[in-house]
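Have a look at the structure below, then the notes.
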Amino acid sequence: MNMKKSLNVRELTRAALIAAIYCVVTILWPFSFGSIQVRISEALTLLPVLFPAAIPGVSVGCMLAGILTGAPWFDWLFGSLTTLTAALLTRKYHKPLWLAAVWPTLLNAVITGAIVHFAYVDNPTLSLLPLTMLSVGAGEAIACFGLGFPLLLLLRKTGLFGFMKKG
């Protein structure tokens with residue numbers, strides 16, 4: 001097997017592993033859905049800083065979690081596109097490092113907040129939309145800044161998960 005093909009298989013494996021972890025954690029964590037949520041799997045949205053394979057990984061994991069839990073198509077489609085966009089921005093713009101947590105927090109507050117508001121809130125009115133966005137954004141901030149940022153620092157410092165290293 002040549003080296004180029006080996007690297008592609010390695011990257012695909014990384015992406016699949018991240019997708020699986022994201023999906024399982026999302027489904028098992030009881031507060032992953034609703035207008036008041038802390039989706040702890042969103043901590044993984046900072047991984048693109050270290051691993052490019054995390055970009056498709058978190059996006060596919062988000063989509064699978066939505067599909068497997070019976071979310072409406074527009075929820076899992078636009079939710080996973082939001083995660084993809086956040087992952088791409090996180091990969092490109094992460095200096096200073098804390099900026100990596102800003103992208104998923106902002107995008108999910110606005111886009112996912114709107115999705116959640118109009119899909120799941122009883123009698124959604126435009127006047128309550130900012131509250132739903134704030135609620136979803138606060139949960140995202142907890143996941144990204146409270147869990148994802150320390151995870152990112154830990155992985156950078158210790159090199160844990162050696163199977164994820166290049167080479």
Side-chain angles (χ1 to χ4, degrees), residues 14-121 129-157 160-161 164:
R14 286 183 186 134
L17 181 60
I18 292 168
I21 293 169
Y22 184 104
C23 182
V24 168
V25 170
T26 299
I27 291 170
L28 293 179
W29 179 249
F31 306 106
S32 291
F33 300 95
S35 56
I36 299 175
Q37 61 176 269
V38 178
R39 186 177 281 200
I40 61 172
S41 54
E42 284 289 302
L44 301 177
T45 61
L46 277 63
L47 290 180
V49 171
L50 302 175
F51 315 111
I55 295 169
V58 294
S59 304
V60 170
C62 182
M63 181 179 282
L64 287 173
I67 291 169
L68 293 173
T69 57
W73 68 268
F74 55 87
D75 183 347
W76 57 258
L77 176 63
F78 293 112
S80 58
L81 288 174
T82 301
T83 300
L84 173 63
T85 304
L88 290 167
L89 289 169
T90 297
R91 176 74 184 166
K92 186 167 179 136
Y93 304 106
H94 60 270
K95 292 181 183 177
L97 193 57
W98 59 264
L99 189 58
V102 169
W103 304 113
T105 301
L106 284 178
L107 288 172
N108 278 288
V110 174
I111 299 169
T112 304
I115 293 168
V116 166
H117 182 74
F118 291 109
Y120 301 105
V121 172
L129 177 60
L131 281 175
T132 308
M133 290 177 166
L134 185 62
S135 175
V136 171
E140 189 73 13
I142 290 168
C144 292
F145 285 97
L147 297 171
F149 190 69
L151 174 66
L152 184 60
L153 293 175
L154 181 70
L155 289 174
R156 285 182 84 192
K157 183 174 180 162
L160 287 176
F161 302 111
M164 296 281 243

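These figures come from a predicted structure and were not determined experimentally. Values reported hereafter were calculated over all heavy atoms of this structure, with side chains retained and with hydrogens, waters and symmetry mates removed.
Remark: Val25 pairs with Ile21, Ile40, Ser41 by the side chain to side chain contact (heavy atoms under 4.5 Å, CB included) rule, at least two apart or across chains. Legend: residues meeting side chain to side chain contact (heavy atoms under 4.5 Å, CB included) with Ile142, ordered by chain and number and at least two apart, are Val38. Applying the side chain to side chain contact (heavy atoms under 4.5 Å, CB included) rule to Leu77 yields the partners Trp73, Leu81; only residues at least two apart in sequence or on another chain are considered.
Atom OG1 of Thr26 and atom CD of Gln37 lie 9.5 Å apart (nearest 0.5 Å). Note that the OG1 atom of Thr69 and the CZ atom of Phe33 stand 3.5 Å from one another [nearest 0.5 Å]. Taking CZ of Arg156 as the reference point, atom CG of Leu151 lies at 12.5 Å (rounded to 0.5 Å). Separating the CG atom in Leu89 from the OG1 atom in Thr45 is a distance of 11.5 Å, to the nearest 0.5 Å. Remark: Leu44 CG to Cys144 SG distance equals 9.5 Å, nearest 0.5 Å.
Under a cut-off of 6.0 angstrom, the local environment of CG in Leu68 is crowded, with over 12 non-hydrogen atoms contributed by other residues, nucleotides or ligands. Open room surrounds OH on Tyr93; 12 or fewer heavy atoms of other groups in view lie less than 6.0 Å from it.
The two residues His117 and Val121 make their nearest non-hydrogen contact at O-CB, 3.2 Å. Summarising the geometry of Ile115 relative to Gly79, their closest heavy-atom pair is CD1-N, 4.0 Å, with the distance given to 0.1 Å. Between Leu152 and Leu46 the shortest heavy-atom distance is CD1-O, 3.8 Å. Here the shortest heavy-atom pairing between Trp76 and Ser80 reads O-OG, 2.7 Å. Minimum heavy-atom separation, Phe74 to Ala119: CE1-CB, 3.5 Å. Annotation for Ala109 and Gly137: closest pair CB-CA, 3.5 Å, computed over non-hydrogen atoms.
When side chains are defined from C-beta on, Thr85 does not count as touching Trp103, because their heavy atoms never get closer than 4.5 Å. By the 4.5 Å heavy-atom criterion applied to side chains, Thr132 and Tyr120 are not counted as neighbours. Ile36 has its side chain out of reach of Val136: every pair of non-hydrogen atoms, C-beta onward, lies at least 4.5 Å apart.
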Ignoring hydrogens and angles, write down the donor-acceptor pairs under 3.5 Å from the side chains of residues 48-65, residues two or more places apart or on other chains.
from	atom 1	to	atom 2	distance (Å)
Ser59	OG	Ile55	O	2.8
Ser59	OG	Leu84	N	3.4

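Residues in residues 140-152 take part in these side-chain hydrogen bond (donor to acceptor under 3.5 Å, both in side chains) pairs, two or more places apart or across chains: Asn108-Glu140. Residue pairs meeting the side-chain hydrogen bond (donor to acceptor under 3.5 Å, both in side chains) criterion with at least one member in residues 145-155: none, sequence neighbours excluded.
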Decide yes or no on side-chain contact (heavy atoms from CB on, under 4.5 Å) for Leu129 and Phe118, but give the supporting numbers first. CA-CA 8 Å; Leu129 177 60; Phe118 291 109; 4.1 Å; yes
Could you check Tyr22 against Glu42 for side-chain contact (heavy atoms from CB on, under 4.5 Å), going step by step and ending with a plain yes or no? CA-CA 8 Å; Tyr22 184 104; Glu42 284 289 302; 2.3 Å; yes
The test is side-chain contact (heavy atoms from CB on, under 4.5 Å); show your working for Thr90 and Leu99 and say whether it passes. CA-CA 8 Å; Thr90 297; Leu99 189 58; over 6 Å; no
Report the C-alpha distance between Phe145 and Val102 in whole Å, list the side-chain angles of each, state the deciding distance to 0.1 Å, and finish with yes or no for side-chain contact (heavy atoms from CB on, under 4.5 Å). CA-CA 8 Å; Phe145 285 97; Val102 169; 3.8 Å; yes
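Seen from the ring of Phe31, Arg39 does not count as a face-on cation partner, given the 6.0 Å and 45° thresholds.
Using a distance-only test at 3.5 Å, with no hydrogens or angles considered, no donor-acceptor pair links the side chain of Trp29 to the main chain of Val24. Side chain of Thr105 to main chain of Ala101: a donor-acceptor pair is present (N/O by atom type, distance under 3.5 Å, no hydrogens or angles).
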